[in-house]
Amino acid sequence: MELVYERDLRSMKLLILKGTSQDEAVLSLAGRLGISRQHMRKILINGCDMMTLENIVPRLLAADKAAEGISDVLSIPHLTTALGLLSDEEGKAFISRVEAGESVDSVKKAIMEVLA
Amino acid sequence: MKKVVDVSLPVGPVHPCFKEPLRIKCETAGERILRTEVELGYVKKGIEKIMVGRPWQETMFLAERVCGICSVVHNTAIVGALEEISGIKVPRRAQLLRIILNELDRMQSHLLANYSYCYTIEHETLAMYLLNLRETVMDAIEKMTGTRIMSAYVVPGGVREDVPDAVISDILSALDKVETELKRYVKIFETGKLIGLRSKGIGILSVEDAKASGVVGPTARASGMECDARANEPLYVELGWHMITRLEGDNFARIMLRFDELFQSSTIVRNAIGKLEAGPVRLGGKVTAGHVKHTIEAPRGDLTYDIAVDENGEVISVAIQTPSIMNVEVASHIMMKDLASAADVTSVFISADPCIACAER
């Protein structure tokens, strides 16, 4: 079915992410997750709406303040509360896996699989 | 975004309750709103990109064009940023005149916001009263600056021109009228039973959610968050500014808080007028190279200009963080989540005083 009023918003979302402060925020989050800027942009464009992308800077700043210990290493507050890319339950499950002895790298890889 | 239900209720982009175009797609289960998605892009101006490479003399006019409702504060913010970079001093009379204009601007913006809310909840009588009262403030602004909006009154080193005594008395008369009539309108709002049904306990924003989302201005203060950039300005404190907060975090609290701030702004203008002394309103100065993050309190909350200029005064980069970015996002994603009725979507959204022109820049 072709929806008359549905538009392809990817180019507009990319324009938002190219804004000076948004671009810095994307780079910082990409650095945390160990992925490229383009990959981070793709995840954000697919997972967030336009208003969340506009507000990405204050949301990530708030997440930086909330993050501590393992959740900080895995960037869980950034991906759950701040951007809604993961649910709270998924975030807690990833933290539990590290607490249970699984390596951080392997959990990070699992997070990236969910985000993709 | 991932859809969780099949029934999607689109609101906008053109809607009688919206002053500006934007589309909210609500995913519903019966009457209940499960989650929403915002679609922008109808008034994207790209002002940040247009500013790059231009001299500051042009960018101060461009900044005003970010928003027609609060153009004064964009003008004040970018000029303040340039003054901070270059160490340009502003005479006391000009500082007071800037505060008078900014508080009048806050008053007209709050009156427009509360008008929009009353119109949205179908209390058109009170809405029209408030819109009519806003004209009194707009007339005062016009007498002071020569135009209703985009006056370019604030310039580096002071203000464009002095204000004659006759205009000062006109401003005081306007404040008398606003204070007298507003008391009656606040009572109508506060005691209206139907208004209470549409406003109390609707669109609640908890203080935890407010902190997580970076919400600012009256929307944050109505949820008990103490955040106001005027707290960092000693002259405001000297003129009687104090933090106003409420704890309910619902539609009613946001509107009542703006009413309270209207009275406070009126008092600040009166106190500023009382402290006006003869003197220069504009000093010289030269814009030098530098980079600064300058924040002031706009009617809707913290407005930040992150701007870098070179030694010729040309803008190298600029990022404008308007309060509506945070407030619109919070209104659509947090306040509307799990709303009991789709009929409350517009009223919750308008209660956060959204400005799409600011959000899209």
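Every heavy atom of this structure was used, including side-chain atoms; hydrogens, water molecules and symmetry mates were not.
Distance CD/E329(B) to CG/D49(A): 7.0 Å, rounded to 0.5 Å. With rounding to the nearest 0.5 Å, the separation of NZ in K211(B) from OG1 in T81(A) is 14.5 Å. Considering NZ of K44(B) and CG of L15(A), their distance stands at 7.0 Å, rounded to 0.5 Å. Atom CD of E39(B) is separated from atom CE of M12(A) by 9.5 Å, given to the nearest 0.5 angstrom. Note that the CE atom of M51(A) and the CD1 atom of I356(B) stand 7.0 Å from one another [nearest 0.5 Å]. Taken from CD1 in I320(B) to OG1 in T20(A), the straight-line distance is 9.0 Å, to the nearest 0.5 Å.
Proximity to chain A is limited to the side chain of I334(B), based on heavy atoms less than 4.5 angstrom apart. Using a 4.5 Å cut-off between heavy atoms, T322(B) does not touch chain A at all. Contacts of V318(B) with chain A are made by backbone atoms alone, with heavy-atom separations under 4.5 Å and no side-chain atom involved.
The environment of NZ in K45(B) is crowded: more than 12 heavy-atom neighbours from other residues, nucleotides or ligands sit within 6.0 Å. Within a 6.0 Å sphere centred on CD of E68(A), heavy atoms belonging to other residues, nucleotides or ligands number 12 at most.
Looking at every heavy atom in both residues, L40(B) comes nearest to M50(A) through N-SD, 3.1 Å.
No side-chain heavy atom of R59(A) sits under 4.5 Å from any side-chain heavy atom of M326(B). Side-chain contact check for Q321(B) versus P58(A): some heavy-atom pair is nearer than 4.5 Å.
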Given side-chain hydrogen bond (donor to acceptor under 3.5 Å, both in side chains), test H333(B) with N55(A) step by step and report yes or no.
CA-CA 11 Å; H333(B) 290 151; N55(A) 196 28; over 6 Å; no

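Near-neighbour residues of residues 21-29 of chain A relative to chain B, defined by a heavy atom under 4.5 Å from a heavy atom of that chain, comprise S21(A), Q22(A).
A search for salt bridge (charged side-chain N to carboxylate O under 4.0 Å, His left out) contacts involving R361(B) returns E54(A), E48(B), not counting sequence neighbours.
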